[in-house]
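One-based numbering along the sequence shown. Keep in mind that what you see is a predicted model, and the values were worked out from it rather than measured.
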Amino acid sequence: MKKETNRWVVLISSMGILLCTGIVYTFSVFAGPLAELRGWAVPDIMMAFAINSAVGPIPMIFGGYFTDRGWAKWIARIGVVLFGISFAFTGQATSIFQLYLIYGIFGGFAQNFAYSACLSNTIRFFPDKKGLASGLITGGMGGAAIIAAPIANTLIERYGVSQAFWRMGLAYAVVGFFFSLFIRSAPKQVVPQTAVASEKAPAPAKTITANKNWKEMLASPAFYLLILMFAMGAFSGLMIASNASLIGQSMFGLSASAAAAYVSLYSLSNTSGRVFWGAISDRIGQIRAVIIIYSAIIFAFVLLVSVNQVWAFAIGIVTLGLCFGGVMGVFPGLVMDNFGPANQGVNYGIVFIGFSSAAFVAPKVTASLAAVNDGDFTKAFYVAIAVVLLGLGLSLVYAKRKTAAKLAAETVQ
């Protein structure tokens with residue numbers, strides 16, 4: 001019973017740390033006031049966010065290497081504390097280069113250090129609930145903006161943007177350090193209590209996935225399917241995340257305040273989707289969940305291009321938010337299912353390149369297509385449909401390969 005309790009303590013502590021680093025998703029709240037204070041263009045400021053996302057795989061792989069070797073507590077602690085410090089000093093940047101260096105590169109490294117340690121370490125404790133654990137952890141990061149955005153607005157109004165960065169950054173460094181005290185490293189291979197035979201009714205032995213290092217992973221066809229599926233699944237969510245307000249105003253006639261409310265609705269759906277789809281994937285399997293998620297994304301975009309009504313925008317935003325959250329919640333478990341838990345930190349960090357690639361491309365493609373079409377995002381939606389259709393096709397190929405491999409294994413036995 002003690003082990004069962006401990007793993008939930010690690011999970012809650014990891015969620016607490018990622019609630020701190022998740023403040024990165026409130027950056028748009030700071031962009032306008034920062035532009036006014038420094039005289040910088042908002043697009044130039046938002047490039048810092050793109051840099052923050054683009055550097056993600058490097059610290060995830062590096063942090064994952066040490067997490068896989070039992071350093072999860074220290075990697076999480078270093079990551080969250082350094083991220084808080086970098087966020088605090090972001091408000092002190094006096095040139096756009098300093099902003100890119102402090103928030104984009106330094107903050108991106110620190111944030112993904114913490115993310116790698118918390119996610120990869122914690123789901124090792126939950127081989128029986130990988131989807132739920134992954135969903136809760138990533139949901140903590142995704143939901144941070146819901147809490148942090150109103151706090152940031154209040155601090156900016158009361159003290160100015162520089163002081164808001166400073167106060168929130170230092171506060172999150174302290175809070176994150178506190179949660180890191182309760183992190184402990186998971187063993188390389190954990191057998192859940194539900195798989196342990198009892199005296200009265202011995203349970204069947206749980207199949208344990210063979211552990212593969214990054215070299216063996218790169219030699220597997222499944223890796224290339226997963227990294228492409230991840231990128232294609234994240235593409236649509238990142239497209240909406242960076243443009244939801246503009247889409248609502250330019251295509252559905254919403255006011256700025258109403259569009260902002262839909263942005264919050266999207267964030268809430270994103271957070272809920274990580275937990276919801278993570279739990280569902282534990283019941284029906286990760287790849288079945290991915291296939292349903294991709295199908296729902298296609299439905300949402302078809303609705304958006306077919307019906308020019310606010311209710312269609314609302315349904316589309318909620319559906320896409322839930323599905324984006326689902327992609328983020330399900331893929332860590334998919335990676336572990338294929339390559340084992342022992343090297344999850346490094347392996348997932350490499351697969352995360354798919355997400356970072358989509359994070360760099362999707363907002364740019366969307367903004368470019370909208371700009372040449374007078375603010376109309378319809379062509380961007382068609383691109384998203386094509387990308388997700390390709391991802392759905394790859395998912396079906398992946399599912400077929402897994403089924404064939406399972407049948408072959410059963411025949412040998």
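At a threshold of 4.5 Å between non-hydrogen side-chain atoms, the residues L225 and R401 count as touching. You'll find the side chain of I315 stays beyond 4.5 Å of the side chain of V307, heavy atoms only. Between Q344 and P332 there is a side-chain heavy-atom pair separated by less than 4.5 Å. Contact of the Y262 side chain with the I240 side chain is not registered, since no non-hydrogen atoms from C-beta on lie closer than 4.5 Å.
One finds the CD atom of E216 at 9.0 Å from the CG atom of N347 (value rounded to the nearest 0.5 Å). Here CG of L303 is found 13.5 Å from CD1 of I298. Values are rounded to the nearest 0.5 Å. Atom CZ of residue R124 and atom OG of residue S185 lie 8.5 Å apart, to the nearest 0.5 angstrom. Atoms OG and CZ, on S357 and F352 in that order, are 10.5 Å from each other to the nearest 0.5 Å. Here CG of L268 is found 8.5 Å from CG of L322. Values are rounded to the nearest 0.5 Å. In this structure, S356 OG and F230 CZ are separated by 8.5 Å, a value rounded to the nearest 0.5 Å.
For S14, the side-chain hydrogen bond (donor to acceptor under 3.5 Å, both in side chains) criterion is met by T122, not counting sequence neighbours. Checked against side chain to side chain contact (heavy atoms under 4.5 Å, CB included), I96 has the following partners two or more places apart in sequence or in another chain: W40, D44, I45, L99, Y100. When the side chain to side chain contact (heavy atoms under 4.5 Å, CB included) test is applied to A234, the partners found at least two apart in sequence or on another chain are L238, F324, F355, A358. The side chain to side chain contact (heavy atoms under 4.5 Å, CB included) search around I61 returns V346, I350, not counting sequence neighbours. Legend: residues meeting side-chain hydrogen bond (donor to acceptor under 3.5 Å, both in side chains) with E157, ordered by chain and number and at least two apart, are absent. Applying the side chain to side chain contact (heavy atoms under 4.5 Å, CB included) test to F182 and every residue at least two apart in sequence or in another chain returns V9, S13, F178.
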Run K212 and F223 through side-chain contact (heavy atoms from CB on, under 4.5 Å) and show every step you take.
CA-CA 11 Å; K212 295 182 179 181; F223 163 74; over 6 Å; no

Report the C-alpha separation of M239 and L369 in whole Å, then their side-chain angles, then the decisive distance to 0.1 Å, and conclude whether the side-chain contact (heavy atoms from CB on, under 4.5 Å) test is met.
CA-CA 12 Å; M239 169 188 287; L369 288 173; over 6 Å; no

Would I317 and F252 count as a side-chain contact (heavy atoms from CB on, under 4.5 Å) if you check the C-alpha gap in whole Å, the side-chain angles of each, and the deciding distance to 0.1 Å?
CA-CA 12 Å; I317 281 289; F252 295 91; over 6 Å; no

Evaluate the side-chain contact (heavy atoms from CB on, under 4.5 Å) criterion for residues L304 and M251: first the C-alpha distance (whole Å), next the side-chain angles of each, then the deciding distance (0.1 Å), finally the verdict.
CA-CA 9 Å; L304 289 175; M251 293 185 65; over 6 Å; no

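Within 6.0 Å of CZ on F313 lie more than 12 heavy atoms contributed by other residues, nucleotides or ligands. A 6.0 Å sphere centred on CZ of R38 holds more than 12 heavy atoms belonging to other residues, nucleotides or ligands. Within 6.0 Å of the CD atom in E36, the count of heavy atoms belonging to other residues, nucleotides or ligands does not exceed 12.
T94 and Q98 get closest at one heavy-atom pair: N-OE1, 2.8 Å. Across all their heavy atoms, M15 and L136 have their closest contact at CG-O, 3.6 Å. Heavy-atom minimum distance, L218 versus Y224: O-OH, 2.8 Å. A pairwise comparison of heavy atoms in I17 and A76 identifies CD1-CB, 4.0 Å as the closest pair. A152 and F30 make their closest contact through CB-CZ, 3.6 Å (heavy atoms, listed as atom of the first residue, atom of the second, distance). Smallest separation of non-hydrogen atoms from I297 and S236: CG2-OG, 3.5 Å.
The side chain to side chain donor-acceptor pair (under 3.5 Å) analysis of residues 273-287, with sequence neighbours excluded, yields the pairs N270-R274. Pairs of residues two or more places apart, or lying in two chains, never qualify as side chain to side chain donor-acceptor pair (under 3.5 Å) while including a residue from residues 309-327. Listed by first and then second residue, the side chain to side chain donor-acceptor pair (under 3.5 Å) pairs involving residues 70-90 are R77-S180 (not counting sequence neighbours).
Side-chain N or O atoms of Y348 include none that pairs as donor or acceptor with a backbone N or O of F331 at under 3.5 Å. When atom types are taken as modelled, the side chain of R7 and the backbone of F125 share a donor-acceptor pair closer than 3.5 angstrom. Side-chain atoms of S134 do not come within 3.5 Å of backbone N or O of V330 as any donor-acceptor pair. The backbone N or O of A72 lies less than 3.5 Å from no partner atom in the side chain of N121, so there is not a single donor-acceptor pair.
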Would you give me the side-chain donor-acceptor pairs under 3.5 Å for residues 102-119, sequence neighbours excluded?
unit_1	atom_1	unit_2	atom_2	d
Y103	OH	V24	O	3.1
N112	ND2	G108	O	2.9
S116	OG	M60	O	3.1
S116	OG	G64	N	3.2

Return all side-chain donor-acceptor pairs below 3.5 angstrom for residues 374-399, not counting sequence neighbours, or 'none' if the list is empty.
unit_1	atom_1	unit_2	atom_2	d
D376	OD1	T378	N	2.8
D376	OD1	T378	OG1	2.6
S395	OG	G391	O	2.8
Y398	OH	N338	OD1	3.4
Y398	OH	N338	ND2	2.5

In residues 161-174, what donor-acceptor pairs under 3.5 Å come from side-chain atoms, sequence neighbours left out?
unit_1	atom_1	unit_2	atom_2	d
S162	OG	G91	O	2.9
Q163	OE1	R167	NE	3.3

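Salt-bridge formation is not detected for the pair D337/K402: no Lys NZ or Arg NE/NH1/NH2 atom is positioned less than 4.0 Å from an Asp or Glu carboxylate oxygen.
If you run side-chain contact (heavy atoms from CB on, under 4.5 Å) between V80 and each of T21, L18, V175, only T21 comes through.
The aromatic rings of F66 and F62 sit perpendicular, their planes meeting at an angle over 60°, well past the 30° parallel limit.
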